[in-house]
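Below is one structure, written out as structure tokens; the observations come after it.
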Amino acid sequence: MKSVLAICLSPTFQRIMVFKEFHEDQVNRSGEILELASGKGINVSRVLNNLGRPCTNLIQLGGERVNQFLALCEKDGLSVRYLPVKADIRTCTTIINSEKHTSTELVEESRTVESSDSERLFDLFLQELPKHDAVVITGTKAAGFAADLYPRMVRECRKNNIMTVLDIKGQELKECLKEHPSIIKPNLSELCVTYLPNVRVFENSDDSFVMDDVAAILKEIYETYGACSVITRGKNDTWIYDGQSFKTVCHKIKLPVVNTIGCGDTLTAAMTHRLLEGQSLAESVQYGMECATIKASRLGQGI
């Protein structure tokens with residue numbers, strides 16, 4: 001079976017704390033607590049593993065909790081290839097307010113790596129690349145990694161005719177586009193920050209007023225770089241450009257929402273899985289949205 005290499009250079013412990021109700025500026029006592037190995041690439045890998053798709057994570061790990069992180073990955077059946085570094089693994093916290101059905105993410109930034117770690121990481125990437133049929137590059141990499149690291153990876157994928165899916169934003173996305181990736185998958189807010197800096201959109205708000213501008217941007221991206229686009233919009237329908245036309249892919253199922261953190265990673269994983277099976281971009285995104293809805297109905301990551 002075709003396999004995936006998931007690259008995320010900002011791994012984290014994910015601590016999920018569930019509260020029956022939550023009040024700011026007060027003492028709040030948590031009920032259920034769950035700790036997972038996480039980071040966008042780990043989340044992608046977990047979903048691919050759930051779907052029976054072989055996947056390897058390429059990450060950096062350092063500090064006193066490396067063995068704990070690897071044990072959590074092993075518990076979930078995740079394959080990890082990691083670069084030993086000095087920088088400690090961060091911890092991010094998700095607060096679930098059961099009363100209001102909200103998920104609040106407290107993000108701790110990744111520790112800075114050493115400048116020499118970039119070449120060491122790229123060497124690991126070159127060793128892993130021939131073993132896989134698709135590469136997913138997702139998330140903001142830790143400070144200290146070279147600015148051209150992701151573009152160089154995309155270049156190698158293109159040279160080896162390997163499908164690349166990018167879930168990144170900003171200048172990093174623009175630089176990677178020059179290397180002609182297969183698919184880009186920012187959310188709408190990230191796309192606007194990158195290409196419409198004077199426009200502000202918020203997740204789950206009515207943002208249809210930017211549709212025409214976004215359609216023009218995605219068409220230009222494809223004509224210039226040959227990359228298809230998938231633009232997620234929270235609970236709203238997803239916009240795509242598949243190389244022929246701009247399309248809206250609609251949500252088809254609804255489930256009670258428990259935890260929305262990681263839904264975008266779920267979509268990325270399930271979409272990539274179906275693309276490797278030969279389905280169209282629209283069909284693959286539809287399946288990804290269905291899997292993301294299932295994930296939102298569950299406390300932890302995966303489906």
Side-chain angles (χ1 to χ4, degrees), residues 1-14 36-61 69-70 72-83 85 89-90 92 110 121-142 145 149-154 156-158 160 162-169 172-173 176 181-187 230 232 261-277 284-285 287-288 291-292 295 300-303:
M1 179 181 283
K2 293 181 178 179
S3 65
V4 178
L5 179 64
I7 301 170
C8 177
L9 304 185
S10 52
T12 182
F13 286 100
Q14 187 75 41
L36 303 167
S38 191
K40 292 177 71 64
I42 294 287
N43 295 341
V44 166
S45 177
R46 183 177 284 108
V47 174
L48 287 169
N49 186 58
N50 295 156
L51 296 172
R53 174 72 58 186
C55 180
T56 297
N57 291 276
L58 179 60
I59 56 178
Q60 83 278 9
L61 297 175
F69 191 95
L70 293 173
L72 288 171
C73 290
E74 184 177 1
K75 179 181 177 182
D76 287 344
L78 306 181
S79 172
V80 175
R81 183 78 185 273
Y82 76 96
L83 177 75
V85 297
I89 307 167
R90 63 183 177 142
C92 294
S110 296
L121 194 286
F122 190 71
D123 287 343
L124 283 182
F125 166 76
L126 292 179
Q127 293 173 28
E128 282 293 327
L129 187 61
K131 306 174 187 177
H132 303 284
D133 304 278
V135 171
V136 174
I137 300 176
T138 179
T140 303
K141 65 183 186 297
F145 281 118
L149 182 57
Y150 281 169
R152 289 172 66 195
M153 289 178 172
V154 177
E156 289 297 321
C157 291
R158 177 167 55 87
N160 290 277
I162 293 174
M163 182 176 75
T164 49
V165 179
L166 305 183
D167 187 357
I168 57 178
K169 62 183 178 180
E172 196 151 64
L173 173 59
C176 284
S182 309
I183 299 166
I184 64 169
K185 191 207 143 287
N187 62 40
V230 176
T232 55
I261 306 303
C263 286
D265 304 325
T266 300
L267 193 156
T268 299
M271 174 190 74
T272 302
H273 173 66
R274 284 296 176 89
L275 287 169
L276 287 172
E277 290 185 337
S284 300
V285 170
Y287 179 68
C291 290
K295 188 267 153 268
Q301 300 298 335
I303 56 174

To check you understand the geometry: which heavy-atom pair defines the closest contact between [X] and [Y], and what is its length?
| X | Y | answer |
| --- | --- | --- |
| Ala270 | Gly288 | CB-CA, 3.6 Å |
| Leu78 | Ser45 | CD2-OG, 3.8 Å |
| Cys8 | Ile59 | O-CG2, 3.1 Å |
| Asn160 | Leu129 | ND2-CD2, 3.9 Å |
| Leu48 | Ala269 | CD2-O, 3.3 Å |
| Ala6 | Cys55 | CB-SG, 3.9 Å |

(message) The test is side-chain contact (heavy atoms from CB on, under 4.5 Å); show your working for Tyr82 and Leu70 and say whether it passes.
(response) CA-CA 10 Å; Tyr82 76 96; Leu70 293 173; 3.7 Å; yes
Any donor and acceptor pair, going by atom type alone, linking the side chain of [X] with main-chain N or O of [Y] inside 3.5 Å?
| X | Y | value |
| --- | --- | --- |
| Thr272 | Thr268 | yes |
| Thr164 | Ser182 | yes |
| Ser3 | Lys131 | yes |
| Thr12 | Arg90 | yes |
| Arg46 | Ala37 | yes |
| Arg274 | Val285 | no |
| Asp167 | Ile137 | no |

How far does [atom1] of [X] sit from [atom2] of [Y], to the nearest 0.5 angstrom?
| X | Y | atom1 | atom2 | answer |
| --- | --- | --- | --- | --- |
| Asn187 | Lys169 | CG | NZ | 8.0 Å |
| Ser38 | Phe13 | OG | CZ | 11.0 Å |
| Lys141 | Gln60 | NZ | CD | 11.0 Å |
| Leu9 | Leu121 | CG | CG | 5.0 Å |
| Lys40 | Asp265 | NZ | CG | 4.0 Å |
| Thr266 | Lys295 | OG1 | NZ | 6.5 Å |

(request) Check the pair Ile183 / Leu275 against side-chain contact (heavy atoms from CB on, under 4.5 Å), numbers first and verdict last. (result) CA-CA 11 Å; Ile183 299 166; Leu275 287 169; 3.3 Å; yes
(message) Below 30° counts as parallel, above 60° as perpendicular, anything between as tilted: where do the rings of His273 and Tyr287 land?
(response) tilted
Side chains of [X] and [Y] in contact at under 4.5 Å (non-hydrogen atoms):
| X | Y | result |
| --- | --- | --- |
| Tyr150 | Leu166 | no |
| Met163 | Leu276 | yes |
| Asp76 | Ile42 | no |
| Arg53 | Val4 | yes |

(request) Would you check, one step at a time, whether the test side-chain contact (heavy atoms from CB on, under 4.5 Å) holds for Gln127 with Leu124? (result) CA-CA 5 Å; Gln127 293 173 28; Leu124 283 182; 4.0 Å; yes
(request) Go through the structure and list residues passing salt bridge (charged side-chain N to carboxylate O under 4.0 Å, His left out) with Asp133, not counting sequence neighbours. (result) none
(request) Determine whether more than 12 heavy atoms belonging to other residues, nucleotides or ligands lie under 6.0 Å from atom CD of Glu74. (result) no
